[in-house]
Amino acid sequence: MRYSGFRVIMEGLRGNTGWQPVWREPDPKPEYDIIIIGGGGHGLATAHYLAGTHGITNVAVLEKGWLGSGNAGRNTTIVRSNYLLPDNQPFYELSMKLWEGLEQDLNYNAMMSQRGIVNLFHSDAQRDAAVRRGNAMLMAGADAVLLDQDGIRRMCPWLDYDNARFPIHGGLLQPRAGTARHDAVVWGYARAADARGVDLIQNCEVTGFHIEGGTCRGVETTRGPIRAQKVAACVAGSSSRLMSQAGMRLPIESHVLQAFVSEGLKPVLPGVVTFGAGHLYISQSDKGGLVFGGNLDGYNSYAQRGNLPVVEDVCEGAMALMPMIGRARLLRMWGGVMDMSMDGSPFICKTHIDGLYFNGGWCYGGFKATPGSGYCYAHLLATDQPHPVAGAFRLDRFTRGAPIDEKGEGAQPNLH
Amino acid sequence: MIINHPLLGPRDAAEFTYLGDASLLARPDWQSETAAGDFDAWLHLRDNPAGEHRELWFHEQGDRSWLIVTRNTLTHEITGVEMARDGAPARGTDT
């Protein structure tokens with residue numbers, strides 16, 4: 001069923017009796033060409049691009065819970081491509097371009113809202129870094145605008161500009177960045193993949209790999225064994241747990257990141273604003289809630305909830321940036337489990353086991369990468385060649401001494 | 001979280017900074033034939049278990065001692081705390 005404004009009006013006149021389930025609930029077949037483990041945004045996007053771009057439709061997506069029940073439902077919905085390094089920025093810019101055409105591609109309203117992201121700077125050194133980053137973005141075909149304090153004041157007159165310790169001198173704006181509705185992205189990809197014949201199998205946890213002579217031939221699941229020519233892991237947050245079943249140790253630690261939303265308020269924030277003196281990013285949802293987050297808790301965790309010292313730290317950052325937020329009440333807070341890699345950058349690559357592919361290590365930047373990750377992973381699975389913009393996202397880059405360390409922190413995952 | 005320091009008693013985890021898996025104490029032998037690969041794995045690869053995890057915490061806002069904390073990564077429950085200098089392997093930290 002195609003969605004359109006006309007369809008909404010027609011269904012309204014017919015008492016909304018014509019709507020159908022958005023995807024099927026198939027039982028797993030004994031064999032597929034490709035099995036994707038993980039029914040989050042990245043896994044479903046991979047299935048969509050495999051079917052749509054490469055014509056491979058004998059594909060199953062295995063999800064241990066329900067679709068989008070992991071980090072796809074736990075992020076702060078920010079979409080941007082304001083990276084610095086040449087191994088990162090072209091990938092994120094490809095993802096940004098896919099976001100811009102996503103709703104038309106999927107025939108689904110993902111509530112993509114390009115209201116811009118501004119990274120504030122508070123010192124001359126930070127201004128220099130912003131100029132350098134902006135130039136790197138422009139060279140990769142993205143958009144970047146350097147704003148002085150007056151430019152920021154026109155967007156957000158209520159920030160604390162005259163803070164004695166961290167005065168706001170300006171910011172780097174990416175006008176095409178913004179936010180998207182995270183669940184709608186998952187549902188849109190699921191519906192589009194299902195319509196092309198991909199089997200979306202929920203409540204089906206992978207419990208082991210069938211590896212014969214160094215080749216992966218399928219998986220063992222809670223719903224029985226399933227054979228496949230290629231098996232594609234896509235479970236960021238739980239990558240180490242899954243891949244340990246194939247005997248692999250990964251350059252990843254799992255860390256908890258908390259996020260927060262205030263009660264609904266009248267429109268105040270035009271886009272996304274990030275604080276340059278602490279770690280804080282804040283936007284306003286379409287319902288009016290201020291959505292914000294900050295640092296990791298900093299210790300290994302699979303608990304999907306954090307502790308109070310980081311709540312205090314994030315709220316202090318919010319107060320330092322925009323003192324009026326002290327009047328808003330916190331509505332909800334939650335935690336998600338991040339694949340924190342050793343250099344803060346992700347992986348889309350083959351493994352040393354033939355037929356077993358790995359996508360993970362997205363740290364806390366996975367949501368914005370959803371279309372690009374699916375697109376490049378599908379390319380790798382279909383052609384056995386890395387996509388040109390994702391060629392550096394390999395597991396062996398540490399052994400080769402070629403990390404992609406955007407923040408320059410070294411092999412200390414809780415600092416990225 | 002409260003970390004029960006062997007010398008100072010129960011202390012707020014916010015006084016500590018976190019390094020990672022306690023196996024980082026077991027530094028590879030730099031004279032070994034396989035030293036390059038050993039150091040790569042030691043520096044970059046992690047078991048990253050869901051469940052009990054032995055890990056290094058530094059009491060930065062306190063007595064600046066290193067502790068080995070045994071903590072469950074699924075529940076954050078701490079079941080053991082020892083001084084790192086007591087739990088360290090016989091060789092490793094001083095090579």
Side-chain angles (χ1 to χ4, degrees), chain A residues 235-245 247-256 295-313 316 335 337-343 347 360-361 394-403 405 410-416, chain B residues 1-5 10-28 34-62 66-81 84:
Chain A
V235 296
S238 298
S239 293
S240 296
R241 296 168 82 176
L242 178 70
M243 301 312 278
S244 70
Q245 295 170 7
M248 289 177 66
R249 290 175 83 217
L250 300 177
I252 286 172
E253 289 179 4
S254 294
H255 284 263
V256 61
N295 272 321
L296 297 171
D297 270 42
Y299 42 79
N300 286 42
S301 175
Y302 286 94
Q304 291 193 324
R305 59 188 161 77
N307 277 305
L308 290 171
V310 167
V311 178
E312 186 179 19
D313 180 60
E316 281 172 356
V337 180
M338 312 289 118
D339 263 12
M340 296 304 298
S341 66
M342 291 293 149
D343 57 1
F347 308 99
R394 293 166 54 135
L395 278 166
D396 68 358
R397 64 176 181 256
F398 302 104
T399 309
R400 292 183 293 114
D405 197 340
Q412 187 61 39
N414 60 349
L415 298 182
H416 286 291
Chain B
M1 293 190 297
I2 301 290
I3 294 175
N4 197 8
H5 193 297
R11 308 299 305 185
D12 191 322
E15 295 177 5
F16 295 77
T17 56
Y18 178 84
L19 183 66
D21 195 310
S23 66
L24 288 167
L25 285 175
R27 205 178 161 85
T34 58
D38 294 345
F39 270 96
D40 174 36
W42 172 76
L43 185 61
H44 297 125
L45 302 183
R46 300 283 187 272
D47 288 335
N48 194 21
E52 198 167 271
H53 188 225
R54 277 166 57 79
E55 56 201 20
L56 289 163
W57 290 75
F58 178 53
H59 199 191
E60 188 168 30
Q61 307 293 321
W66 283 95
L67 304 181
I68 296 177
V69 175
T70 306
R71 191 177 56 92
N72 189 317
T73 58
L74 288 164
T75 63
H76 298 164
E77 183 190 11
I78 293 172
T79 52
V81 184

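Basis for what follows: all heavy atoms, side chains included, without hydrogens, waters or symmetry-related copies. By convention in this document, chain letters (A, B, ...) are assigned in the order of the sequence lines, proteins followed by strands, and residues within each chain are numbered from 1.
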Item to check | Part of Pro251(A) lying under 4.5 Å from any heavy atom of chain B | outcome: both
Item to check | Atom of Arg249(A), atom of Leu45(B) and distance for their closest heavy-atom approach | outcome: NH2-O, 3.5 Å
Next on the checklist: As an exercise: rank Ala14(B), Pro49(B), Gly20(B) by heavy-atom pairs under 4.5 Å with chain A and give me the winner.
Outcome noted: Pro49(B)
Item to check | Contact residues of residues 295-304 of chain A (partner chain B; heavy-atom separation under 4.5 angstrom) | outcome: Gly298(A), Tyr299(A), Asn300(A), Ser301(A), Tyr302(A), Ala303(A)
Item to check | Option in Asn307(A), Asp313(A), Val256(A) with maximal non-hydrogen atom pairs under 4.5 Å from chain B | outcome: Asn307(A)
Checklist outcome for this item: Value for NE2 (His44(B)) from CG (Asp343(A)), rounded to nearest 0.5 Å, stands at 8.0 Å
Item to check | Asn48(B) side, atom CG; Asp339(A) side, atom CG - distance, nearest 0.5 Å | outcome: 8.0 Å
Next on the checklist: Is there a side chain to side chain contact (heavy atoms under 4.5 Å, CB included) between Ile252(A) and Arg46(B)? Walk through the geometry before answering.
Outcome noted: CA-CA 6 Å; Ile252(A) 286 172; Arg46(B) 300 283 187 272; over 6 Å; no
Checklist outcome for this item: Whatever's closer than 4.5 Å to a heavy atom in chain B on Gln412(A) counts as side chain
Checklist entry - For Leu250(A), is it the side chain, the backbone, both or neither that has a heavy atom under 4.5 Å from a heavy atom of chain B? => result backbone
Checklist entry - For Asp38(B), what residues pass the side chain to side chain donor-acceptor pair (under 3.5 Å) criterion, not counting sequence neighbours? => result Thr34(B)
Item to check | Largest heavy-atom contact set with chain B, pairs under 4.5 Å, which of Ser244(A), Ala411(A), Ser254(A) | outcome: Ser254(A)
Next on the checklist: For His59(B), give me all partners under side chain to side chain donor-acceptor pair (under 3.5 Å), at least two apart in sequence or on another chain.
Outcome noted: Glu15(B), Asp63(B)
Checklist entry - How many angstroms lie between atom CD of Glu55(B) and atom CD of Glu253(A), to the nearest 0.5 angstrom? => result 9.5 Å
Checklist entry - Counting only heavy atoms not in Glu316(A), do more than 12 fall under 6.0 Å of its CD? => result yes
Checklist entry - Given a strict heavy-atom distance threshold of 4.5 Å, which part of Arg241(A) is in contact with chain B: side chain, backbone, both, or neither? => result side chain
Checklist entry - Who pairs with Thr399(A) by side chain to side chain donor-acceptor pair (under 3.5 Å), at least two apart in sequence or on another chain? => result Asp40(B)
